[in-house]
Trainee: 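To start, I am sharing the structure in question, which I have written as structure tokens.
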Amino acid sequence: MTAPKTPPGPRGSGRVTITDVAALAGVSAGAVSKVFNGNGRISEATSERIREAARKLNWRPSAAAIALRTARAQAIGLVLTSDSKVPGVGAGNMDFISGIESVLSPREYGLLLNVFITGQHDEEHFYRTLAERQRMDGIILTNSRIGDTRPELMSRLGLPAVLVGAPWEPGAIEYVDADPPSAGIAETVDHLVSLGHERVAFISGPRHFVLPELRREAFVRRLADHGLRPHAVVPVEYSPARAAEETAALLAGHVRPTAILYGTDTMAIAGMRTIQAAGLRVPDDISVVGFEGLTLGEWVDPPLTTVQRFAFQRGRAAAAKLLTLLGETVEEPVPLEQPALIVRGSSGPVPK
């Protein structure tokens with residue numbers, strides 16, 4: 001006796017196919033394809049009938065099939081540029097990545113994370129390899145550098161790109177201006193000067209990155225508005241260890257600063273620990289201010305005064321702008337708040 005054929009669909013062991021969905025909805029397989037690919041005109045009533053059939057059969061088009069039909073990878077890349085010899089994401093980027101994912105995930109896009117280490121990678125080869133692998137439809141770039149050649153390179157590679165932060169050459173690339181260079185700097189300087197501080201130092205980010213350079217200029221300019229000059233301006237990589245070293249050097253000087261602003265919160269926390277290890281008190285002897293707004297800052301002793309940069313919003317805005325470049329519709333608003341000073345316990349009046 002011949003065994004009966006296994007019926008397709010969830011009641012049998014056979015795999016549900018687009019043909020099964022079409023049969024249940026009473027349409028052709030082509031109509032089902034058009035509804036899920038969004039590349040044809042199907043009435044709303046028929047579209048809903050097809051989607052209902054797909055739901056009943058628990059069927060979804062495969063990501064691989066969609067990529068082949070639409071020439072899309074359904075993924076975008078994120079490149080974090082690092083000055084460190086050891087690749088790292090950093091605490092400040094976690095909220096940023098979460099913001100990107102909050103836009104991509106509902107649209108079934110993936111995120112491919114890449115870390116570019118300056119001085120170790122050949123830049124053109126790095127990005128050309130990313131483009132040639134065709135694993136991403138577009139890319140989010142970070143940390144614009146002085147003399148940045150990436151916008152022109154992305155154009156040559158035909159890779160849609162969005163930069164987060166101020167570009168080296170305005171108009172060369174789409175970018176998210178959620179973090180203007182002077183935002184937060186002027187407010188921080190005003191706060192410290194109002195507390196009586198005149199010897200204010202800034203341990204900032206890398207010398208060749210655009211945003212830290214613009215912040216250093218804003219720092220010097222705002223102090224000049226108060227008739228003051230910086231006690232010190234120290235460009236270093238975004239590294240707690242380097243921040244600790246430079247803090248120790250400032251403390252060893254003939255005249256030490258009464259307040260120090262740091263390029264990130266983790267740098268500020270490292271600096272604060274260095275100050276305390278030297279037998280000094282924060283803020284009684286030296287005030288400390290970070291520049292990131294990490295939740296972690298609330299839990300150190302004393303709680304860290306910092307500039308909140310709203311990294312989650314920046315991530316959402318970057319993802320939304322890139323998806324728009326790719327032809328997707330992002331209907332929900334993406335608010336962009338300006339960086340704002342959060343005063344906590346690590347900043348206080350100048351020592352008497």
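Just so you know, these numbers use all the heavy atoms, side chains as well, and skip hydrogens, waters and symmetry mates. Note that the structure is a prediction, hence the values are computed from the model and not measured.
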Trainee: Within the distance-only criterion (no hydrogens, no angle test), does the side chain of D265 pair as donor or acceptor with the backbone N or O of G293 below 3.5 angstrom?
Mentor: yes

Trainee: Would you find a donor on one side and an acceptor on the other, under 3.5 Å apart, between the side chain of H231 and the backbone of V255?
Mentor: yes

Trainee: Can any side-chain N or O of S144 pair as donor or acceptor with the backbone N or O of V210 at less than 3.5 Å?
Mentor: no

Trainee: Determine the minimum heavy-atom distance between V103 and L323, stating which atoms define it.
Mentor: CG1-CD1, 3.7 Å

Trainee: Distance alone, cut at 3.5 Å: any donor-acceptor contact between the side chains of E337 and Q313?
Mentor: yes

Trainee: Could you measure the distance from the CG atom of L341 to the OG1 atom of T188? Nearest 0.5 Å is fine.
Mentor: 4.5 Å

Trainee: With side-chain contact (heavy atoms from CB on, under 4.5 Å) as the criterion, how do I203 and V236 come out once you've worked through the C-alpha distance, each side chain's angles and the decisive distance to 0.1 Å?
Mentor: CA-CA 7 Å; I203 299 179; V236 296; 3.9 Å; yes

Trainee: Can you name the closest pair of heavy atoms from Q338 and F310 and give their distance?
Mentor: O-CE1, 3.2 Å

Trainee: Less than 4.0 angstrom from a charged side-chain N to a carboxylate O is my criterion; do E48 and R55 meet it?
Mentor: yes

Trainee: V162 vs L141, test: side-chain contact (heavy atoms from CB on, under 4.5 Å). Steps then yes/no.
Mentor: CA-CA 6 Å; V162 169; L141 304 175; over 6 Å; no

Trainee: Do you see a donor-acceptor pair shorter than 3.5 Å between the side chains of T305 and S347?
Mentor: yes

Trainee: To check you understand the geometry: which heavy-atom pair defines the closest contact between L159 and M136, and what is its length?
Mentor: CD1-O, 4.2 Å

